[in-house]
Amino acid sequence: MNSDRSDHRTPRVGQVKEVTSLTNPIIKDIRALAQKKHRDETRSFMAEGLKLVIDALDLGWKIKTLVYAKGAKGKPQVEQVAAKTVAKGGLVLEVNEKVISTITRRDNPQMVVGIFEQRYHPLKDIRPGEDQTYVALDRVRDPGNLGTIIRTADAAGASGIILIGETTDPFSLETVRATMGSVFAMPIVRTSVEDFIRWQSSAGVQVVATHLAGSVDYRTIDYRSKPVVLLMGNEQAGLPVELAREAAALARIPQAGRADSLNLAIATGIMLFEARRHLLSMDAR
């Protein structure tokens, strides 16, 4: 048992370790990533799928462990990813389907899983430039909402996500799944209400907040004059007074039906694509 743990801590270059037991300490460590406490302690998280792992490596993320199912062995892209993992000092595990199903908590799991080091960006280093858009989220609670917002921000060409206060974990398995890989492309910042207020007052940005008491139609706002920070409130409570009063504009999305509110991820998507409409074209790719 102890030799397995030492292998996990200091893997030998070129090693591919075959694991078939769910009681293996390395597998136990990976399964524990389902718990936020363990993710925080190890500063690690899990991403599923060969494409996501390839994209993460291409974007310079540090991989700690690569896990692949026996059925994926010998496939050129899997072999290339395994070689890159070893070259970066990571461990490569070959497992059976039962092990990878247990790790991912899926009956039909992806054949490749990567364990990566978490990455946060300091708010003080964020200096928005011309045509840049950031999304600031106050105490977002739902992992699906956060993951969808990260994916949408990536699609709209935003420059980053600022998480204010106690939010759901952007590196939980549910959130990472909902990002569809955009977690690797979108810089993420964690900060307090106080630090956000101090930062926005000196960063040269225009803060546009959505608010039920907002009197400005979101389509009439000038999103071109300064870098924009879209400030979105908590799913249940909306924005607190101390944040709402800092906004240059309190915007509202007009509604006509019986629903009295929009899902947070949907509302953020509407705001994002309006704020960046003048920057988006059909031939952008």
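Annotation: side chain to side chain donor-acceptor pair (under 3.5 Å) contacts involving residues 117-127, sequence neighbours excluded, are absent. The side chain to side chain donor-acceptor pair (under 3.5 Å) contacts involving residues 135-150 comprise N145-E235, N145-N263, where partners must be two or more places apart or lie in separate chains.
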Checking salt bridge (Lys or Arg N to Asp or Glu O under 4.0 Å) for the pair R198/D195: CA distance, chi angles, key distance, verdict? CA-CA 5 Å; R198 278 194 293 270; D195 286 346; 2.2 Å; yes
Show, in sequence, the C-alpha distance, side-chain angles and deciding distance for L262 and I270, and conclude whether the side chain to side chain contact (heavy atoms under 4.5 Å, CB included) test is met. CA-CA 10 Å; L262 286 169; I270 291 170; 4.0 Å; yes
Decide side chain to side chain contact (heavy atoms under 4.5 Å, CB included) for I27 and V67; before the verdict, give the C-alpha distance in whole Å, the side-chain angles of both, and the deciding distance to 0.1 Å. CA-CA 10 Å; I27 299 302; V67 185; 5.6 Å; no
Would you sort out whether V183 and T175 count as a side chain to side chain contact (heavy atoms under 4.5 Å, CB included), showing the intermediate values? CA-CA 9 Å; V183 68; T175 302; over 6 Å; no
Step-by-step side chain to side chain contact (heavy atoms under 4.5 Å, CB included) determination, K98 to T20: CA-CA 8 Å; K98 181 180 179 182; T20 57; over 6 Å; no
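Looking at heavy atoms from C-beta onward, P109 lies out of side-chain contact with I103 at the 4.5 angstrom threshold. Looking only at side-chain heavy atoms (C-beta outward), I30 and M46 come within less than 4.5 Å of each other. In this structure, the side chains of L230 and T133 come closer than 4.5 Å at one or more pairs of heavy atoms. Side chains of I115 and L91 form no contact here, defined as non-hydrogen atoms less than 4.5 Å apart. Residues K84 and D58 are in side-chain contact: their nearest non-hydrogen atoms beyond the backbone lie under 4.5 Å apart. By the 4.5 Å heavy-atom criterion applied to side chains, K70 and E18 are counted as neighbours.
When the salt bridge (Lys or Arg N to Asp or Glu O under 4.0 Å) test is applied to K73, the partners found at least two apart in sequence or on another chain are E94. Taking E174 as the reference, nothing meets the salt bridge (Lys or Arg N to Asp or Glu O under 4.0 Å) condition, with sequence neighbours excluded. For the ring-ring contact (aromatic ring centres under 6.0 Å, His included) test, no residue two or more places apart in sequence or in another chain qualifies with Y218. R151 meets the side chain to side chain donor-acceptor pair (under 3.5 Å) test with no other residue; sequence neighbours excluded. Legend: residues meeting side-chain contact (heavy atoms from CB on, under 4.5 Å) with T210, ordered by chain and number and at least two apart, are M232, M271. The ring-ring contact (aromatic ring centres under 6.0 Å, His included) check on F273 picks up nothing, with sequence neighbours excluded. Here R277 pairs with E274 under the salt bridge (Lys or Arg N to Asp or Glu O under 4.0 Å) rule; sequence neighbours left out. With sequence neighbours excluded, the residues that form a side chain to side chain donor-acceptor pair (under 3.5 Å) with Q132 are S159.
With salt bridges taken as basic N to acidic carboxylate O contacts below 4.0 Å, none links D169 and R190.
Across all their heavy atoms, A178 and G144 have their closest contact at CB-O, 4.0 Å. Across all their heavy atoms, P170 and L146 have their closest contact at CA-CD2, 3.7 Å. Pairing each heavy atom of K64 with each of T42, the nearest pair is NZ-O, 2.8 Å. Between L52 and E48, the shortest heavy-atom contact is CD2-O, 3.4 Å. The minimum heavy-atom distance between F184 and A47, with the atom names listed, is CZ-CB, 3.7 Å. Here the closest non-hydrogen pair linking A32 and H38 is O-CB, 3.2 Å.
Between W61 and F116, the distance from one ring center to the other does not fall under 6.0 angstrom.
Counting heavy atoms of neighbouring residues, nucleotides and ligands inside a 6.0 Å radius, atom CD of E79 exceeds 12 of them. Heavy atoms of other residues, nucleotides or ligands lying less than 6.0 angstrom from CD of Q77 number 12 at most. A 6.0 Å sphere centred on CG of L22 holds more than 12 heavy atoms belonging to other residues, nucleotides or ligands. Around atom NZ of K62, no more than 12 heavy atoms belonging to other residues, nucleotides or ligands sit under 6.0 Å away. A 6.0 Å sphere centred on CE of M111 holds more than 12 heavy atoms belonging to other residues, nucleotides or ligands.
Summarising the geometry, atom CD belonging to Q35 is positioned 13.0 Å from atom CG belonging to L173; distances are rounded to the nearest 0.5 Å. The structure places CG of L264 at 4.0 Å from CD1 of I149, a figure rounded to the nearest 0.5 Å. Note that the CD1 atom of I100 and the OG1 atom of T104 stand 6.5 Å from one another [nearest 0.5 Å]. Here the CD atom belonging to E97 is positioned 9.5 Å from the CG atom belonging to D107, to the nearest 0.5 angstrom. To the nearest 0.5 angstrom, K88 atom NZ is 6.5 Å from L57 atom CG. Distance check: S21 OG to N96 CG gives 9.0 Å after rounding to the nearest 0.5 Å.
Between the side chain of T85 and the main chain of V81, a donor-acceptor pair closer than 3.5 Å is present.
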Run the side-chain donor-acceptor check on residues 249-258: report pairs under 3.5 Å with partners two or more places apart or on a different chain.
residue, atom, partner, partner atom, Å
R252, NH1, G214, O, 3.1
Q255, NE2, A259, O, 3.1

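Under a hydrophobic-cluster definition in which Ile, Leu, Val, Met, Phe, Trp and Tyr are linked whenever side-chain heavy atoms come within less than 4.5 Å, directly or via other members, L212 and I266 are assigned to different clusters. V176 and M180 are assigned to two separate hydrophobic clusters, defined by single-linkage of ILVMFWY side chains at heavy-atom distances under 4.5 Å.
Applying the under-4.5 Å side-chain rule to Ile, Leu, Val, Met, Phe, Trp and Tyr, the cluster around F196 extends to L123, I126, Y134, I162, I164, V189, V193, I197, W199, V205, V207, V229, L231, L239, L243.
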